[in-house]
S.K.: 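Please find one structure pasted underneath; my questions will follow.
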Amino acid sequence: MNHRQKNAISPEHEYLGISKSFAYGLQHVLTMYGGIVAPPLIIGTSAGLSAAQVGMLIAAALFVGGLATLIQTIGTKYLGAKLPLVQGVSFAGVATMVAIITTGGGLSAVYGAVIVASLIGLCLAPYFSKIIRFFPPVVTGCVITIIGLSLLPVAIR
């Protein structure tokens, strides 16, 4: 390894200048906004909520996403990555939530399941951080694709 490679700045630490940083930051926020709004729309529509109730569900998702973003960015000793990570709603549980709603469980059952799953995930996160190296991008890419394909029937309806 030569001297230049040894002192090279990794891409995530490179300073791009104010205009590029602003443009990329705006792109990131706009992309995140669509990802935060879509799951509550799908779940709220499946639950038969009114437009005002779906709006409240979206507002709650945006609030919690912002709160989680602050926790990740600021961080504490045991919580948060201390990196500018924008947090949002995951599509991974949407199909399960819709199944709970449509089989008679209702929205309150979904809320309870999300709270319990979040607490379990919080407890398991330190262990998963140690095995993340066993999940290369091809594996995570396949999982994300399967999640997207499982949501197609919901999107069509």
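Note that this is a predicted model, so its numbers are computed, not measured. In this chain, numbering begins with 1 at the start of the sequence shown.
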S.K.: Where is the tightest heavy-atom contact between Ile101 and Ala47, given as atom of each residue plus distance?
M.R.: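 Of all heavy-atom pairs spanning Ile101 and Ala47, the closest is CG2-CA, 3.5 Å.
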S.K.: According to side chain to side chain contact (heavy atoms under 4.5 Å, CB included), who are the partners of Ala61, at least two apart in sequence or on a separate chain?
M.R.: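 Only Ile36, Pro40, Val89 meet the side chain to side chain contact (heavy atoms under 4.5 Å, CB included) criterion with Ala61.
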S.K.: Counting only pairs under 3.5 Å, give me each side-chain donor-acceptor contact of residues 103-125, with atom names and distances, residues two or more places apart or in other chains.
M.R.:
unit_1	atom_1	unit_2	atom_2	d
Thr103	OG1	Ala99	O	2.7
Thr103	OG1	Ile100	O	3.4
Ser118	OG	Val114	O	2.7

S.K.: Can I get a per-line list of side-chain donor-acceptor pairs under 3.5 Å for residues 132-149, giving both atom names and the distance, sequence neighbours left out?
M.R.:
unit_1	atom_1	unit_2	atom_2	d
Thr140	OG1	Pro137	O	3.1
Thr145	OG1	Gly141	O	2.8

S.K.: Taking only residues two or more places apart in sequence or in another chain, which ones pass side chain to side chain contact (heavy atoms under 4.5 Å, CB included) with Ile71?
M.R.: Leu67, Leu79
S.K.: For Gln72, check side chain to side chain contact (heavy atoms under 4.5 Å, CB included) against everything at least two apart and list the hits.
M.R.: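 So Gln72 forms a side chain to side chain contact (heavy atoms under 4.5 Å, CB included) with Ala81, Leu85, Gln87.
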S.K.: If you group Ile, Leu, Val, Met, Phe, Trp and Tyr by side-chain heavy-atom gaps below 4.5 Å, do Tyr33 and Val54 land in one group?
M.R.: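 Yes, same cluster.
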S.K.: Surrounding CG of Leu30 (heavy atoms of other residues, nucleotides or ligands, distance under 6.0 Å), is the total greater than 12?
M.R.: yes
S.K.: Scan residues 47-62 for pairs that pass side-chain hydrogen bond (donor to acceptor under 3.5 Å, both in side chains), counting only residues two or more places apart or in two chains.
M.R.: Ser50-Gln53
S.K.: Got a sec, which hydrophobics cluster with Ile74, joining ILVMFWY side chains under 4.5 Å apart, including via others?
M.R.: Leu70
S.K.: For Gly35 and Phe91, which heavy atoms make the closest approach, and how far apart are they?
M.R.: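 The pair with the smallest heavy-atom distance is O-CE1, 3.9 Å.
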S.K.: Can you sort out the partners of Lys20 under side chain to side chain contact (heavy atoms under 4.5 Å, CB included), two or more places apart, ordered by chain and number?
M.R.: Leu16, Tyr24
S.K.: Mind checking the CG-OG1 spacing from Leu57 to Thr45? Nearest 0.5 Å is all I need.
M.R.: 9.5 Å
